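Hydrogens, waters and symmetry mates are skipped; everything else that's a heavy atom, side chains included, is used. All values reported here derive from a predicted model rather than from experimental measurement. Numbering of ligands and ligand atoms starts at 1, following listing order.
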Amino acid sequence: MFDLLIQTALCDGARKDVAIAGGRFVAIEPAGTLDATSAKEIIDGTNFLLRPPFYNTHTHHAMTLLRGAGEDLPLMAWLKERIWPQEARLTRELVAAGTRLAILESLHSGCVAFNDMYFHQPAILQAALEMGVRAQVGLMVMDQVSDHIENEAALEMRADLPPTLHLCYAPHALYTSTEAQLRAVAEHATALNLPIHIHAAETQDECAIARERFHAATPVAYLDRCGLLRPGTILAHCCHVTDDDLALMAEREVIVAHCPHSNQKLGSGVFPWEKAIKAGVKVTVGTDGAASNNSLSMIAETKAAALSAKLNASSPEAVPLAQVDRAVTQVAAAALGFPDAGEIRVGKEADCILVDLSCPLFAADNDPNADFLYAGDSACVDTVICAGRILMRHKEVPGEAEIIAAARAAARQLKGCNR
Ligand SMILES: [Zn+2]
């Protein structure tokens, strides 16, 4: 018995029937060959491209409430003048409202998972649980903001979390922690068997701090000295990495979360994706938070990531489409601790999206995956399925109006106004 049967969808260049049971793909056969009478639910995939969803490897989801709060400022001024003062007023309720809005936006762009670095982790976990998405939620470590109580509360939830939700350590950046704090994070992460997620080599200012405050050649070298570079560590941004850094990152088996829009918007720099591939570094893509992007669309981010790689390498052949596609699906899923997700194959966890081929951009029908990744937008994502559960159907997420209304109210409260 199948829980769900998707019939006649275009998948990997052919029309197929795809069956899901127990949260996994259990049969994938040529269209018209799987028995529909053994399915509890059927989706007619005739007008749709069936493909893996996106996995967003760097974000601060509840910053949807701060979208537009500070434009055209350098990173440090933006953080100190606009972001940190409002963040000081955050509560669990506000973070839950902002996170739900971010998940809603992400689902519309075909994304089922996020790697979050933000405050009030119990609220983030609860929002992800309610909306059925996957998440890796970071325990925050920052000088300015002590969040030990919430970190402890999240750790207490760990044993009861479903397999779709994980924790990690998320020290914000080298410039917001002391060396002792970062070394302690490395020790705690080892003791608790948790991965690490940190901003790294984002700006030239950060490189100067690594040199002047910590007497390290580069931010990456410094993070390695602190013990943070290890298999599975996710380094967000990596705009300013040397050849030695890339060799070290490959050796340590760390993963880059390439955040091209945020890097462009803040004028931070360009991550050298092609050079990273040649050095053997794994690369994924993240949106960063909505306050510095300002979109959470993984479709838009994927295109920007590919284009910035080609521009950086001065070559249209740099980072070809199939490699871009793997980076935002199976490589990213594995990076977030879901090695069995990110591919439509029998035995894999049933994460997939249905893309509406009746959208005008698919008319030429040369390469639907290229059309989707390089010309698509949220308007052509029809259905999103995560771990076998339908989270969005016909472009509607349950409770959508309430989620938007709650986020609107939360943003007003954060600004300190009662209107
Ligand atoms: Zn970030």
Side-chain angles (χ1 to χ4, degrees), residues 55-71 73-80 82-84 86-87 90 95 98-99 102 105-106 111 113-121 124 135-145 147 168-177 185 195-207 209 219-220 223 228 233-241 254-271 283-298 300-301 304-305 308 332 335-336:
Y55 301 78
N56 183 350
T57 57
H58 178 68
T59 183
H60 315 277
H61 253 10
M63 290 186 93
T64 46
L65 303 181
L66 295 163
R67 178 181 278 136
E71 300 299 340
L73 292 170
L75 178 64
M76 288 303 171
W78 176 76
L79 285 172
K80 287 178 184 170
R82 304 296 171 87
I83 300 303
W84 287 340
Q86 287 210 49
E87 285 183 336
L90 283 170
V95 167
T99 304
E105 291 181 43
S106 300
C111 179
F114 64 107
N115 187 29
D116 212 20
M117 181 191 284
Y118 216 56
F119 310 100
H120 299 293
Q121 297 83 357
I124 300 167
Q136 177 168 278
V137 176
L139 306 173
M140 287 284 284
V141 180
M142 273 175 93
D143 261 352
Q144 292 93 332
V145 184
D147 206 17
C168 69
Y169 266 102
H172 171 259
L174 64 81
Y175 54 87
T176 42
S177 291
V185 166
I196 292 163
H197 171 205
I198 186 168
H199 294 103
E202 182 175 0
T203 62
Q204 289 286 12
D205 284 352
E206 184 184 331
C207 296
I209 291 169
V220 167
L223 296 179
L228 296 177
T233 293
I234 294 182
L235 301 180
H237 301 284
C238 296
C239 302
H240 304 282
V241 284
V254 304
I255 299 148
V256 174
H258 178 18
C259 306
H261 275 144
S262 173
N263 296 341
Q264 289 168 27
K265 187 156 184 277
L266 299 178
S268 303
V270 183
F271 164 66
V283 179
T284 62
V285 173
T287 56
D288 213 346
S292 67
N293 183 312
N294 300 352
S295 163
L296 294 179
S297 167
M298 277 297 290
E301 203 66 28
S308 80
L336 298 187

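- The aromatic rings of W84 and H172 lie perpendicular to each other, with more than 60° between the two planes, well past the 30° mark.
- When the Zn ion (ligand 1) is compared with the N/O/S atoms of D288, atom OD1 turns out nearest.
- Nearest to the Zn ion (ligand 1), among the N, O or S atoms that H58 has, is NE2.
- None of the N, O or S atoms belonging to E202 lies under 2.8 Å away from the Zn ion (ligand 1).
- Counted by atom type alone, D288 and H60 present one or more donor-acceptor pairs between their side chains at under 3.5 Å.
- Not one N/O/S atom of H237, from backbone or side chain, sits under 2.8 Å from the Zn ion (ligand 1).
- Taking the six-membered ring where tryptophan is involved, the planes of H58 and H199 are perpendicular, since the angle between them exceeds 60° and thus also 30°.
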Please walk me through it: do N56 and E301 pass side chain to side chain donor-acceptor pair (under 3.5 Å)?
CA-CA 9 Å; N56 183 350; E301 203 66 28; over 6 Å; no
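- S308 contributes a side-chain N or O that, together with a main-chain N or O of A305, makes up a donor-acceptor pair within less than 3.5 Å.
- Here the N, O or S atom of H60 that is nearest to the Zn ion (ligand 1) is NE2.
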